Amino acid sequence: MLFTQQQHDRAAELLAQFTQRYLASLPDRPVFPDLDRPALRALKSEPMPQHGQSLESLFEELEQVIVPNSTHTAHPRFLPYVQPSPNALSPYADHVAATLNQNCNLWHLSPAANAVEQAVLRWFADLFGLPATAGGILTSGGSMANLIALTAARDHALGEKARTHGLQASRAPLVLYTSDEIHSSIDKAVSILGLGTQYLRHIPTDEHFRIRLDLLADAITADRAAGRIPFCVAASAGTVTTGAIDPIEDLARLCRQHQLWLHIDGAYGALSALSSRFQPQLSALALADSVSLDPHKFLFCAYEAGCVLVRDRRHLHHSFNAHPSYLTMSEDPDFIDFANHGPQLSRAFKALKVWWSLKHFGAAAYAGVIERMHDLALYMGQQIEARPEFELLAPVVFNCVCFRLRGEDDDANRRALKQLVDSGLAFLGPAYVKGRTGLRACFMNLRTTEADVDLILNRLA
Ligand SMILES: Cc1ncc(COP(=O)(O)O)c(C=O)c1O
């Protein structure tokens, strides 16, 4: 299972050819493929091979079955979710990371990778203005980041007995507050953590899709009066549908007053602090107890790359440290055993693509790209407002546009979305905004232009 030098050269050649051909072919491909179901069924029922096949035949199969049946997420008109086209460098970083195959659990299995992960965590903590006590860990994505943050929040509320007694340590149910615009990963985390979704309060939002502070304060008071224990607010820096940012500074004040943990789900929007256009709205991230962010969104890293930061890194240690006898951990002040900061033991060297992306392109380039994505959304919003066939479902405040076919019912809007996706011309997502159904374009694609926006609107019209 090792290659000769000649095989390495051949693999590199095939890989380079594939990468070049694939990226060049993107504009000519349907965004969503015309699926070859018989080929996929044959693939699923293939028996386990007893004997190997050549490298050439693997790449041939890739071109014939995998590529034509893949959703082309880097296509200029792939705009459905908060899902970017990867920057050109990050697949190479993944190749290097896999070649080095560092296990980023214990520092002595990955000393340089450990320093790299610490560096990017510090960059992010500094970007948000978190104090020197802050720490964190890179994760598979925002969902895992939210789960880790809420684990730390729960265990902080439960205190010293959190690990030994779990929720049984609590004298009354713990209650978590969020908004009705929050991402479903918060709901999932609440059930995984055994808190029970009936103790998750989805507080209504205002006309700007931001959590209503008055209703939040009322809910906290009502829960306290009923003997329950409010312990955490999970708010958004970029709600998943419209990109709204909750009033973080006011929330921090309220949380301080009620001694609640403030978690900010910034998987979508926190990294827009790289741009001076968005930074002022995000300066209060400095007040949060924990923040999730996703380098596989606005750093345009290939999947997977998420991150969670906590204001005081000891909270992660409290929730996740483990010292089994079969793992020799020699503590060293220069390094962190990341196995003690999250649920995973074996961990890939994800930090390399994050580090390289920022080092190669630079933070200033990211600021420009984030603003360009916002400009594209503003352009689409203007076109929609100028055309009688469409109406906006929400003002454009970030890089996404929620709209609908004017005068058509919800079903017609759903049908239009399906037809657009089935046609292969473009891939938009569904929007459900204050009870109305429409379509959503989220600009996170480095290849999209205004001409793509025009093409999409013309087809829908
Ligand atoms: C606001 C928000 N939170 C959490 C997530 C989940 O992130 P991931 O898909 O990286 O797990 C997303 C994904 O789009 C999101 O937009």
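Remember, it's 1-based here, ligands and their atoms both numbered in the order they're listed. Every value quoted in this text rests on a predicted model; they were computed, and no experiment measured them.
Listed by number with element, the atoms of ligand 1 under 4.0 Å from a non-hydrogen atom of His296 are 10 (O). Those atoms of ligand 1 that come under 4.0 Å of a heavy atom in Asp294, given as number and element, are 7 (O), 8 (P), 10 (O). Residue-ligand proximity, Gly238 to ligand 1, at heavy-atom distances under 4.0 Å covers atoms 1 (C).
No side-chain heavy atom of Arg447 sits less than 4.5 Å from a side-chain heavy atom of His75.
With Phe398 as the fixed residue, the ring-ring contact (aromatic ring centres under 6.0 Å, His included) test singles out one of Phe209, Tyr268, Phe443: Tyr268. Remark: of the listed residues Arg311, Arg154, His315, His315 is the sole one forming a side-chain contact (heavy atoms from CB on, under 4.5 Å) with Trp261.
Looking only at protein heavy atoms, the nearest one to atom 9 (O) of ligand 1 is Lys297 NZ, 3.8 Å. The protein heavy-atom contact nearest to atom 11 (O) of ligand 1 is Ser143 OG, 2.6 Å. Here the heavy atom of the protein found nearest to atom 15 (C) of ligand 1 is His183 CD2, 3.4 Å. Asp265 OD2, 2.6 Å is the protein heavy atom nearest to atom 3 (N) of ligand 1. Taking atom 8 (P) of ligand 1 as the reference point, the nearest protein heavy-atom neighbour is Gly142 N, 3.4 Å.
An N or O contact shorter than 3.5 Å is missing between Ser140 and ligand 1 by distance.
Between Lys353 and Glu117 there is no salt bridge, since none of the side-chain N atoms of the basic residue sits less than 4.0 Å from a carboxylate O of the acidic one.
Residue Ser185 places a heavy atom less than 4.0 Å from ligand 1.
For Gln83, no heavy-atom contact with ligand 1 is shorter than 4.0 Å.
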